[in-house]
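All figures in this text were calculated on a predicted structure; none of them were measured in a lab. Every chain is numbered from 1 and lettered A, B, ... according to where its sequence line falls, protein lines coming before strand lines.
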Amino acid sequence: MQHWLFKSEPATFSIDDLATATGKSTCWDGVRNYQVRNFMRDVMQPGDLGFFYHSSCAVPGITGIVSITSNAYTDNTQFDPGHVHYDADSKPESPRWLMVDVKLKRKLKRIITLDELREHHHRLKELLILKRGNRLSVTPLSSDEWNYILGLE
DNA sequence: GCCAACGTTGGC
DNA sequence: GCCAACGTTGGC
């Protein structure tokens, strides 16, 4: 089983939006980055777990745990000219962009902030979210990193 | 295939 | 709002 970190801007979609759909899956649409698409297509599997991370906000950090509930499948927003994630170059016969479904497993008891993760740099120095300039909206992390971060809760 | 320009991300 | 970092685009 793989572990992941999903970034989301809470002003657009927050942990509480995810919590509203308790028991139901939410499709993670809008990925328009090839590396992230390939993660979803080639590596991610139903049953994998992910941290839910708030970015571009007052207190960036990890706020919850999600489980992946589907394989990668076509993200139809790419074909919708009125959608912000419309991609005119993607053809229905060979869709360029995929998405997966995720479901909230639980909110963390408290937010594990970006500042706090940085304080544990010695143990988490390979964590992609901490690396300068990292912009991927979904990143993998090791089981060791996962367990260590959960231990901070 | 190179690389400058551009758009986006995200912490601050 | 600023700006550094990075992916993508497009001219050559």
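At whole-Å resolution of the value, CG in A/Asp115 and P in B/dG11 are 10 Å apart. As a whole-Å value, the separation of A/Ile62 CD1 from B/dG10 P is 14 Å. Going from atom CH2 of A/Trp97 over to atom P of C/dG7 covers 13 Å, rounded to whole Å. Residue A/Leu114 contributes atom CG, which lies 12 Å from atom P of B/dG10 at whole-angstrom precision. Rounded to whole Å, atom P of B/dG11 lies 12 Å from atom NE2 of A/His54. When the P atom of B/dC12 is taken as reference, atom CG of A/Asn134 falls 14 Å away, rounded to whole Å. With rounding to whole Å, A/Leu136 atom CG is found 13 Å from B/dT8 atom C1'.
Using a 4.0 Å cut-off, some side-chain N or O of A/Lys7 falls inside it from OP1 or OP2 of B/dG10. Between A/Tyr53 and B/dG11, a side-chain N or O to OP1/OP2 separation shorter than 4.0 Å is present. In terms of phosphate contacts, A/Arg32 brings no side-chain nitrogen or oxygen within less than 4.0 Å of OP1 or OP2 of B/dT9.
A/Ser56 comes within 4.0 angstrom of a base, heavy atoms only.
Qualifying side chain to side chain donor-acceptor pair (under 3.5 Å) partners for A/Tyr86, counting only residues two or more places apart in sequence or in other chains: none. With sequence neighbours left out, A/Thr69 forms a side chain to side chain donor-acceptor pair (under 3.5 Å) with A/Ser25. With sequence neighbours excluded, no residue forms a side chain to side chain donor-acceptor pair (under 3.5 Å) with A/Arg118. In this structure, the side chain to side chain contact (heavy atoms under 4.5 Å, CB included) partners of A/Asp89, at least two apart in sequence or on a different chain, are A/Asp87, A/Arg96.
Within residues 76-85 of chain A, no residue has a heavy atom under 4.0 Å from DNA chain B.
The side chain of A/Glu9 lies closest to B/dG10, out of C/dG7, B/dG10, B/dC12.
The pair A/Lys125-A/Glu119 does not meet the salt-bridge criterion, since no charged nitrogen lies less than 4.0 angstrom from a carboxylate oxygen.
One N or O on the side chain of A/Thr63 and one on the backbone of A/Phe52 form a donor-acceptor pair closer than 3.5 Å.
Screening residues 47-58 of chain A for side chain to side chain donor-acceptor pair (under 3.5 Å), with sequence neighbours left out, gives A/Trp4-A/Asp48.
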